[in-house]
Amino acid sequence: MTINTKSVSVLLVDDDEINNFISIKLIKKALLNTEIMACLNGKFAIEQLSEIQRKDPEKLPDYILLDINMPIMNGWEFLDEYKRLNLDPLGKSKIFIISSSVFSNDINKARSYPLVKDFISKPLNVEKIKELFEVQPMV
């Protein structure tokens with residue numbers, strides 16, 4: 001029986017606290033060894049990532065789950081700022097747009113960003129998370 005013991009770090013960027021609570025529960029259920037940080041808007045996430053990049057770039061998250069519609073700084077503005085500041089020059093973080101939007105222009109826009117790995121529709125579930133994090137089923 002193999003268990004995923006490698007620690008995975010995740011940054012959730014979503015203004016919906018209930019959604020964050022549920023996502024954290026689901027991620028912890030799907031992955032045993034996870035560090036999860038949640039930011040309620042893109043500006044706060046950029047500040048956190050800038051701080052990590054300055055202090056210890058090794059600690060940048062493995063995954064960033066990014067909502068589109070948020071106050072202060074939305075997902076698109078976050079991506080533009082993230083790229084402008086070159087917060088992850090080595091490409092350690094995999095960015096996924098997680099949105100309840102069903103508009104094809106949002107999905108296409110997400111796919112037009114080289115930084116974005118994929119567009120995932122809310123709500124998240126354990127299966128989507130395992131797929132996202134490429135978790136191998138326990139044998």
With side-chain contact (heavy atoms from CB on, under 4.5 Å) as the criterion, how do I46 and L87 come out once you've worked through the C-alpha distance, each side chain's angles and the decisive distance to 0.1 Å? CA-CA 8 Å; I46 289 287; L87 286 176; 3.9 Å; yes
Taking 4.0 angstrom as the limit, do [X] and [Y] come out as a salt bridge?
X	Y	result
E81	R84	yes
D62	K92	yes
D67	K122	yes

Kindly determine whether K28 and I36 satisfy side-chain contact (heavy atoms from CB on, under 4.5 Å), including the steps that lead there. CA-CA 9 Å; K28 288 191 178 278; I36 306 171; 4.0 Å; yes
Is there a chain of hydrophobic side chains (I, L, V, M, F, W, Y, each step under 4.5 Å between heavy atoms) that links F119 to L124? no
Are L85 and L11 joined in one hydrophobic group, where the rule is that I, L, V, M, F, W and Y side chains link up if heavy atoms are under 4.5 Å apart? yes
ring-ring contact (aromatic ring centres under 6.0 Å, His included) with F44: which residues, sequence neighbours excluded? none
Side chain to side chain donor-acceptor pair (under 3.5 Å) assessment of N41 paired with D15: CA-CA 6 Å; N41 66 63; D15 62 319; over 6 Å; no
Is any side-chain heavy atom of L79 closer than 4.5 Å to one of W76? yes
Over 60° means perpendicular and under 30° means parallel, so tell me whether F133 and Y63 are parallel, tilted or perpendicular. perpendicular
When every non-hydrogen atom of G75 is compared with those of M70, the smallest separation belongs to N-CE, 3.7 Å
Pairs of donor and acceptor atoms involving the side chains of residues 102-111, under 3.5 Å and at least two apart or interchain, shall be tabulated with distances.
from: D106; atom 1: OD2; to: S101; atom 2: OG; distance (Å): 2.6
from: N108; atom 1: ND2; to: S104; atom 2: O; distance (Å): 3.2
from: R111; atom 1: NH2; to: D118; atom 2: OD1; distance (Å): 3.4

Begin with the C-alpha distance, continue with both residues' side-chain angles, and end with the deciding distance and a verdict on side-chain contact (heavy atoms from CB on, under 4.5 Å) for S23 and L65. CA-CA 10 Å; S23 294; L65 306 184; 5.9 Å; no
